[in-house]
Protein chains: 2
Amino acid sequence: MAAKSEQTRQLVADVALKMFREIGFEKTTMRAIAQEAGVSVGNAYYYFASKDELVQELYIQVQDEHAVVAAQALESVQDLAGRLKAVLHTGVDVMAPYHQFGSDFIATAIRPSSPVNPFGEASTAAREASLAIFRSAVDGSSPAVAKKLRGDLPELLWLAYMGVALFWVYDKSEGQRRTRKLIDGAAPLVARGLSLAKIPGVGKVFDDVLGLVRTVKEDS
Amino acid sequence: MAAKSEQTRQLVADVALKMFREIGFEKTTMRAIAQEAGVSVGNAYYYFASKDELVQELYIQVQDEHAVVAAQALESVQDLAGRLKAVLHTGVDVMAPYHQFGSDFIATAIRPSSPVNPFGEASTAAREASLAIFRSAVDGSSPAVAKKLRGDLPELLWLAYMGVALFWVYDKSEGQRRTRKLIDGAAPLVARGLSLAKIPGVGKVFDDVLGLVRTVKEDS
DNA sequence: TGAAACTTTTGAACGTGTTCAAGGACGAGT
DNA sequence: ACTCGTCCTTGAACACGTTCAAAAGTTTCA
């Protein structure tokens, strides 16, 4: 059985994620995880170099689930507003069990040195997967999105999604009702806003926004 | 001299801020601060309940300086784009000495429980001061901003400012050149974008955006 | 089988932020 | 001068994340 090692790793990860969900980030100490999993502290560190890496495990799992659920939800919707709603709502859905954990997660994720940093190298795969969801939401929509927007839009929407996630973390309303409202309100607005790109004066501004985005992105 | 106590407090704060600037957040341990200030660790805690509160001290100081510098810069500029630039550039100016400290600061600031959280209660004063800067930038601009926007715009701009600050933290270009470019590019775009509010079709979308903002804000 | 090499596991130890009981300093009232 | 009460200060102690030398277990190969 080559899986003995993998088994321990999974055990630690499972216990950690369960504890993150049930008692939060701070109360889930490495010692508690080890004890609950029946291993030594050092052994947990043999598989995960830091507590942050256990958070990364969670991040990846949540992203994977989002990809699956969102793809399914997208099957039955055509218009951009609806597709955007689908992606955002499913995103919130998969995060829901971890809401109380949210602020600690974001505090961890936001430091550039963290493996969970959504802009960082260590989560390139997760970010690409997430971006792919938005690309699919945009590309598959009908009526189609203006061609000049199609390239950059997914990335901008993903960025907006990060904003929604931030809002959700702070959202103390029951069941994060306000976040749902925000999504329901913002998605159609974004779609309508984009359709304004055809108006000459407005189109110019759009072009400049895209130009700025590209400039700032390139010049590293 | 009733100021003996205040003197110790200031000493600790000054030493801490200096160390934050010079060696960063993590290397500035409470023990190191205490030693450098010539007091005991416990004594530092008598004045500051946590390391976070020392960060708050920094936050307040930076905000205060921003208010002064921005007000001065606003005196000589009339148009909205210019005024926005002035406020944002001075904002980055005052933060500059703390750039390496930035990500730790934000990681601290972003948790709702932190005294430095910009949305939280403990920094109501600092937030109001910051908001006032943006209100002044909007209200004092000529040509005037559309009336229907004038009420909510400062808050939205402040929010955008938080975004700029986040961008700045991640900006590794020398002297944070990219952030400067972003400001120079975005400020005129915002001004031009707002002037589109007069166009009937666009105005509707603007109204809905404002409506959404209000809805989401009220429903707590 | 046996020994060498590699993988996995252990728990004590380190430095951190934070707490707290104990004591010192100092002024007010007698 | 004495004592009470308040403010200030101390440093040992705690739990935490993390490290690491050493031990235990497992595989490899002759």
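We name chains A, B, ... by the order of the sequence lines, and we start the count at 1 in each one.
- No donor-acceptor contact under 3.5 angstrom links the side chains of A:Ser50 and A:Asp52, judged on distance only.
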Requested in this report: Please step through ring-ring contact (aromatic ring centres under 6.0 Å, His included) for the pair A:Phe119 and A:Trp158, ending with a clear verdict.
Outcome: CA-CA 11 Å; A:Phe119 307 100; A:Trp158 177 79; 5.7 Å; yes
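- Of all nucleotides listed (C:dT8, D:dT10, C:dG11), C:dG11 comes nearest to the side chain of A:Ser40.
- Between B:Phe25 and B:Phe105, the ring center distance fails the sub-6.0 Å criterion.
- A salt bridge is absent between A:Lys27 and A:Glu22: the closest approach of a Lys/Arg side-chain nitrogen to an acidic carboxylate oxygen does not fall below 4.0 angstrom.
- For the OP1/OP2 pair of D:dC8 and a distance below 4.0 Å, the side-chain nitrogens and oxygens of B:Ser5 include at least one atom meeting the criterion.
- Following rounding to the nearest Å, B:Gln35 (CD) and D:dG11 (C1') show an atom-to-atom distance of 14 Å.
- Computed from coordinates, the A:Arg9 CZ to C:dT7 C1' distance equals 16 Å when rounded to whole Å.
- A donor-acceptor contact shorter than 3.5 Å links the side chain of A:Thr28 to the backbone of A:Gly24.
- A straight line from CG of B:Leu11 to P of D:dT9 spans 10 Å, rounded to a whole angstrom.
- A:Tyr47 comes within contact range of the sugar-phosphate backbone alone, with a heavy-atom separation under 4.0 Å but no base atom that close.
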Report summary line: Protein-proximity profile, nucleotides 14-24 of chain D, B/S/- by nucleotide at the 4.0 Å heavy-atom cutoff, equals --BBBBB----
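- Using a 4.0 Å cut-off between a side-chain N of Lys or Arg and a carboxylate O of Asp or Glu, B:Arg127 and B:Glu155 do not qualify as a salt bridge.
- In this structure, CG of B:Leu54 is placed 11 Å from P of C:dG17, rounded to the nearest angstrom.
- Ion pairing of A:Asp79 with A:Lys85 is absent here, as no side-chain N (NZ or NE/NH1/NH2) approaches a carboxylate O to less than 4.0 Å.
- When the ring-ring contact (aromatic ring centres under 6.0 Å, His included) test is applied to B:Tyr45, no partner is found at least two apart in sequence or on another chain.
- A distance-only check finds no donor-acceptor pair linking the side chain of A:Arg150 to the backbone of A:Val138 [under 3.5 Å].
- Remark: A:Thr8 is not in phosphate contact with C:dT8, judged by side-chain N or O atoms under 4.0 Å from OP1 or OP2.
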Query raised in the report: Can you give one letter per nucleotide of nucleotides 21-27 of chain C, 5' to 3': B if a protein heavy atom sits under 4.0 Å from the base, S if only from the sugar-phosphate, - if neither?
Result: -------
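- Taking atom OH of A:Tyr46 as the reference point, atom C1' of D:dG25 lies 12 Å away to the nearest angstrom.
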